[in-house]
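What you see is a predicted model; the values in this text were computed from it and never measured. What's counted below: heavy atoms across the whole structure, side chains too, no hydrogens, waters or symmetry copies.
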Amino acid sequence: MLLSMVAALRLGSFRLQRGIMRPNIRKVDGRHRFCFGAVQSRLYSTADMGKRAAREKAKNEVRLRNIRYREASSAARGDAASTLYSLKVSVCPVLREELNLNGREKRGRVFVESDSFASSSLQGLKNELHAFFRALRKSTYLLSAQLPQVNEDGEMVLDNEMIGGGKLELDVSSDEDVANLFKEAVNFYEARQNIGGAEAITRPTVLLHVSKDPNAPAPPPPPAYLDNMPDPTTSEHMTMLSFYSFPPSQIQDVDEFCLNLRRAWKPFGALGRIYVAKEGVNAQMSVPTNVMSNYRECCFAIPELGEYMENGLNIDPVPIPSKEFFHGENPPPFKNLHIRPKSQIVADGLDKPLDWQRAGNDLPPLEWHKKLQADEPPILLDCRNSYETGVGKFVNAEPLGTDTFRDSWEILKDRLKDVPRDKEVMTYCTGGIRCVKVGAYLEQELGFKNVSRLAGGIIAYDRTLEKEREKNPQEAEELSSLFHGTNYVFDGRVGRQITDHKLGECVTCGNMTNLLGNCANTACHKRMVQCSACLTGFDGCCSTSCQTRFVNSLAKSKRSLSSGVEREGGGVTKSSSGEIDFDPSVFDDVQEYSAEHSSEAPELYDAIQRNTERYLPTGAHMTSGGVQGRLLASLASMARSGRVLEVGTFTGYATCAFAEGVGAGGGGGLVLTLERDKLAVGVARHHIRALSKGTGADGWKFVGELDNKTVAELGEGEEFAVSLEDLGGVQVVSRRCNDALAVLEEMAADGGGLGLGLGEEPFDLVFVDADKTRLLDYVEVCLASDKVLRKGGAILVDNVLWKGAVIAAGDGNEDGGGDGDGGGVETKQTRRKRKLARIMHHFNERIKTDSRAEVVLLPLRDGLSIIRKR
């Protein structure tokens, strides 16, 4: 099958069908089945479920409408003209600024079906605009319109007043105005067909302008807490903090509350991970230090937080310098602001919710400290999981020994079954939130009458004692921490060392240590406890196998590693020159064997990988890698017309491989690549230009010039084009866009040129390494439109095995959700991984049964699907 696909890629092929509806995955009898319609995966109220069902219905309507549009735009022009109207829409500068419109929403194009509600009704027309210009829903505006103008060369031009933000010729303020407007557009289009000039107008077209209503009410003034606020981007430090709240009245509309939090916190430049459920809010965040007082005011102004934030904001005592936070050796604790609706803010596994307002006494840190020094201390329970208690705990504390928080209840019941119910029980955890649930369980289910918990958890205890020691240095010894070791935290820092006590057992040698980290092999990256000797000896990796892979990737770039040591086995040795070499006679798996016996990637790609690790370290594992890069280059060299579309440039590794392959196949082709991240485009631009120096030492040296540049000096990338004469004149064009799917849909409507002078021929290859939740949408556009991908062309989809988790997704055997103050154990079975694994499994199942496609799924790296369009 793979051979027939390669042949078709070069020669072209045959058949096309359209219009396939995407099903959802629903669990039936313990297995995942495919069905149409909405799926509710969490416990929500009837009102919440009704809103979600309405949103899902609206999404399905939009999805079906888009399919009809694609079919119409792929049909003969005469048929398309009779079914679709084109609206070229612009928004006035005043509304742009007031609504803070993104680049996609300032100007765009909307299609309207000729027999739809939108072609005969003002409200219907506005609904169509709102689907594209989402921010307009929040505004009162006026519409004006005019028919397009065609210049002497037959090209359609926009009216100058429209570009400047003025009003156009025709008012559009009633249903009658809308119907007359489209009627005139049809007459104008038909007249153009009779006199020529049809190249400029391919269907009835209207220029539509959105302007601010002068009679609209003034927007509300900004909140008082934003008055005279410093610019958060100038802050020299970032402050780590956490908080939680259990409001008695609960949060009635979880989704709306998430949106409101995002709007409220956006001005502060806050980053973090926030879970919102009906029961409350659980947040771990980092906020620019210079706006902390404003941010505190904002939080206390939100009724569901305010007085219900137990102990207020739990602030880390030591701010992190901004330079170290964003550009240090380790990735930042948080990169974005994620606010996510959940069924629970801490997954507890209880059969029924308890009253979180009855959860024992909140004991301030200093009182807690004194109680632990009493002659007869009470029962002291550590409510965290084993991987947390293994590196740090309070003196005389009893860890519950759980793997997940939901395991706590049976252990508590067994541990306390013979304890008198009036005996004092003290509990603690990282930030205090788990102790609320444990306290409620001890009081309401087990009947204990004297339950107390550490207010603010270990984080608040550490901060309070540090402040007290600064105020009263003479009492430093008495105020020495009774928590020994490292406090495990749920962000990129992994752990905060509080004392020098070594309570953890090294995963490699078994010696005691207090160091936490992640395996340096990005394909593994598991959380581990490892002593300093093994950290050095194994190059930051958890095992011999991971070290072999890690060092092999570095040895090819001919760079020495200062952390290497001599040792036997595992394929890693240190040469007399101090460089680490890879011994190809030792292999841990078939993937490694395949890599060693495949053609080695040119030196340029090693430099690209190195720059990726420096500028975008958390995504360094996302590059294609040597073997896959060679495969991409080979496939591109077989492309019939040498036209390749890449969705997801990242730092340009695959882009360069495609350009290299097109050049080897005869040159003269095109690689069009789309990316959303400005920093990634900036790095990729430098890498792609390096191809003009060749793929050997000169190109490697050119890429290496980035070594001396900071992120600020590198700058953010926009659109650029490079012609690579040494590769036969291959043209590489990079376009930055917020919505790549919209770009593909635009291609489906108008052809592959996008007005950039790139020709209208369809592409031979489309490589999709973008938003995994929309893979079916990307592939649907390619299969449904011959303007995007020619018949016989191929779609390459990356990461379709998702670290192997698709197997569990297919069997329906995934484990449940996370727990803890930070939302769960970060292992290969995290909630995000399970969710994406289900999406990937869904994609693989759907595309396999699509009669328009022939599929080969290769177990290469993280899985690569080659989908030939029949």
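The salt bridge (charged side-chain N to carboxylate O under 4.0 Å, His left out) contacts involving residues 357-366 comprise Asp362-Arg453, where partners must be two or more places apart or lie in separate chains. Pairs of residues two or more places apart, or lying in two chains, that qualify as salt bridge (charged side-chain N to carboxylate O under 4.0 Å, His left out) and include a residue from residues 471-484 are Glu468-Lys471.
Checking Thr402 against Asn385 by side-chain atom types alone, a donor-acceptor pair falls below 3.5 Å. Counting only N and O atoms by type, the side chains of Asn282 and Gln284 include a donor and acceptor under 3.5 Å apart. Judged purely by distance below 3.5 Å, without hydrogens or angles, the side chains of Thr430 and Arg434 pair a donor atom with an acceptor atom.
In this structure, OG1 on Thr239 lies 7.5 Å from CG on Leu241, to the nearest 0.5 angstrom. Atom NZ in Lys772 sits 14.5 Å away from atom NZ in Lys835 (nearest 0.5 Å). If you take CD on Glu297 and CZ on Phe300, they are separated by 10.5 Å, rounding to the nearest 0.5 Å. Interatomic distance, His484 NE2 to Thr499 OG1, rounded to the nearest 0.5 Å: 5.5 Å. Here Asn361 contributes atom CG and Asn450 contributes atom CG; the two are 7.0 Å apart, rounded to the nearest 0.5 Å.
Taking the six-membered ring where the residue is Trp, the centroids of Phe394 and Trp368 are separated by under 6.0 Å. Aromatic ring centres of Tyr428 and Tyr461: separated by at least 6.0 Å.
Remark: Tyr295 pairs with Trp265, Phe268 by the ring-ring contact (aromatic ring centres under 6.0 Å, His included) rule, at least two apart or across chains. Not a single ring-ring contact (aromatic ring centres under 6.0 Å, His included) links Tyr308 to another residue, sequence neighbours left out. When the salt bridge (charged side-chain N to carboxylate O under 4.0 Å, His left out) test is applied to Glu236, no partner is found at least two apart in sequence or on another chain. Partners of Pro364 by side chain to side chain contact (heavy atoms under 4.5 Å, CB included), not counting sequence neighbours, listed by chain and number: Glu367. Residues forming a ring-ring contact (aromatic ring centres under 6.0 Å, His included) with Phe448 (at least two apart in sequence, or on another chain): none. By the salt bridge (charged side-chain N to carboxylate O under 4.0 Å, His left out) test, Glu410 is found to be paired with Lys413, residues two or more places apart in sequence or in another chain being considered. By the salt bridge (charged side-chain N to carboxylate O under 4.0 Å, His left out) test, Glu466 is found to be paired with Arg496, residues two or more places apart in sequence or in another chain being considered. Legend: residues meeting side chain to side chain contact (heavy atoms under 4.5 Å, CB included) with Glu505, ordered by chain and number and at least two apart, are absent. For Asp231, the side chain to side chain contact (heavy atoms under 4.5 Å, CB included) test picks out Thr233, Thr234, with sequence neighbours left out.
Residues Ile379 and Leu381 meet the side-chain proximity criterion, which asks for heavy atoms closer than 4.5 Å.
Using modelled atom types, one side-chain atom of Gln357 and one backbone atom of Phe246 make a donor-acceptor pair closer than 3.5 Å. Using a distance-only test at 3.5 Å, with no hydrogens or angles considered, a donor-acceptor pair links the side chain of Ser235 to the main chain of His237.
Taking every heavy atom of both residues into account, Ala270 and Val287 meet most closely at CB-CG2, 4.1 Å. Nearest heavy-atom pair across Asn521 and Cys546 is ND2-SG, 3.4 Å.
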Check: residues 506-513 side-chain donor-acceptor pairs under 3.5 Å, at least two apart:
from: Thr508; atom 1: OG1; to: Gln530; atom 2: NE2; distance (Å): 2.9
from: Thr513; atom 1: OG1; to: Leu515; atom 2: N; distance (Å): 3.2

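A salt bridge is absent between Lys449 and Glu443; no separation between the charged side-chain nitrogens and carboxylate oxygens falls under 4.0 Å. Residues Asp382 and Lys393 are not paired through a salt bridge, judged by the lack of any N-O separation under 4.0 Å between the basic side chain and the carboxylate.
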